[in-house]
Amino acid sequence: MRALVIDASSRQNSSVTRNMTRQFRQEFARAYPKGQLQERDLIKTQVPHLSADTIEGFFAPSPSLQAKRATVLSDQLIAEFMAADLLCFGVPMYNFNVPSALKAYIDQIVRVGRTFTKVADGELQGLCAGKRALVCVSMGGMFAGSEMDLVQPWFKAIADFLNLDEIEFICVEGTSRGNFSRQQAMDLTSDQIHHFLTAATAERLSV
Ligand SMILES: Cc1cc2nc3c(=O)[nH]c(=O)nc-3n(C[C@H](O)[C@H](O)[C@H](O)COP(=O)(O)O)c2cc1C
């Protein structure tokens, strides 16, 4: 079993989502002692926004050498992503959406011919079947599932487009509120991570 953990909180210390992904690492090591775990910290190593050269490298039939060079990072990120059976994302809500660092990462890995392809009649088909994703979300307010929550619908759309087998969310809410209990949140998270890692038949993605 191979897992990829992707962190996107700008906070290195006292980050709720980094605590959640740390719990995932611990539970994963317990559940799969021989498993391999890869880490991708989108803050420590920032992923650049797409440039004109990157887009040429993605789409041109015969890209220039410069355009090919511009897609080297995308090649590496996609190889890492495609090697994983399980994906765990740590996602703080920023302005009701995902952090821009995570959006930049997704822009680098959602790529024609690599993670999705064109099929008959111009239809597009995801190439990422066989993977399950766990998205650990944290937000200061109480917005999970409301129309202000752009995180979950966006992630579901990406998972559906790439044809992931499953996507599951753990949402910790109210982290900015006075009565927020970090311990309570971590206990809940731990149960849900355990369930994600051990669930034999997980709920199918429905979007
Ligand atoms: C730049 C920024 C924007 C934020 N925007 C929102 C928001 O739109 N809605 C919300 O509920 N909380 C918002 N928050 C609060 C964070 O979602 C909350 O502190 C969360 O627990 C952060 O996760 P972390 O501890 O892993 O960094 C924002 C925080 C920051 C720093």
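In listed order, ligands and their atoms are each counted from 1.
Taking a cutoff of 4.0 Å between a charged side-chain nitrogen and a carboxylate oxygen, Glu123 and Lys118 do not qualify as a salt bridge.
Residues Leu162 and Phe81 meet the side-chain proximity criterion, which asks for heavy atoms closer than 4.5 Å. The shortest distance between side-chain heavy atoms of Leu4 and Leu86 does not fall below 4.5 Å. Side-chain contact check for Asp41 versus Gln12: some heavy-atom pair is nearer than 4.5 Å.
Only the side chain of Thr175 comes within 4.0 Å of ligand 1, counting heavy atoms alone; its backbone N, CA, C and O stay farther away. If you look at Met139 next to ligand 1, the close heavy atoms, those under 4.0 Å, come from the backbone and the side chain alike.
Per-residue contacts place Arg11 under 4.0 angstrom from the following atoms of ligand 1 (heavy atoms of the residue considered): 19 (O), 22 (C), 24 (P), 25 (O), 27 (O). The atoms of ligand 1 that sit less than 4.0 Å from any heavy atom of Ser138 are 17 (O), 20 (C), 21 (O), 22 (C), 23 (O). Near Phe96, the atoms of ligand 1 lying under 4.0 angstrom from a non-hydrogen atom of the residue are 7 (C), 8 (O), 9 (N).
When hydrogens are left out, the protein atom nearest atom 15 (C) of ligand 1 is Gly140 N, 3.6 Å; that is the closest non-hydrogen contact. Of the protein's non-hydrogen atoms, the one nearest atom 31 (C) of ligand 1 is Tyr94 CE2, 3.8 Å. Among all protein heavy atoms, the one lying closest to atom 11 (O) of ligand 1 is Gly141 N, 2.8 Å. In this structure, the protein non-hydrogen atom closest to atom 27 (O) of ligand 1 is Ser9 OG, 2.6 Å. Among all non-hydrogen protein atoms, the one lying nearest atom 23 (O) of ligand 1 is Pro92 CB, 3.2 Å. Closest to atom 25 (O) of ligand 1, if we only count protein heavy atoms, is Val16 N, 2.8 Å.
Heavy-atom proximity to atom 17 (O) of ligand 1, evaluated over Arg177, Met142, Met148, Met93, is greatest for Met93. Among Val91, Ile43, Asn19, Asn95, the residue whose heavy atom lies closest to atom 7 (C) of ligand 1 is Asn95.
One hydrophobic cluster holds both Met82 and Leu73 under the rule that ILVMFWY side chains link at heavy-atom gaps under 4.5 Å. Hydrophobic clustering places Ile109 together with Phe58 (ILVMFWY residues linked when any side-chain heavy atoms are closer than 4.5 Å, directly or through intermediates).
Of the candidates Ile170, Leu197, Leu87, Ile170 is the only one forming a side chain to side chain contact (heavy atoms under 4.5 Å, CB included) with Leu134.
Of all non-hydrogen atoms in Ser138 and Thr175, the two that sit nearest each other are OG-CG2, 3.5 Å. Here the closest non-hydrogen pair linking Met93 and Met148 is CE-O, 4.3 Å.
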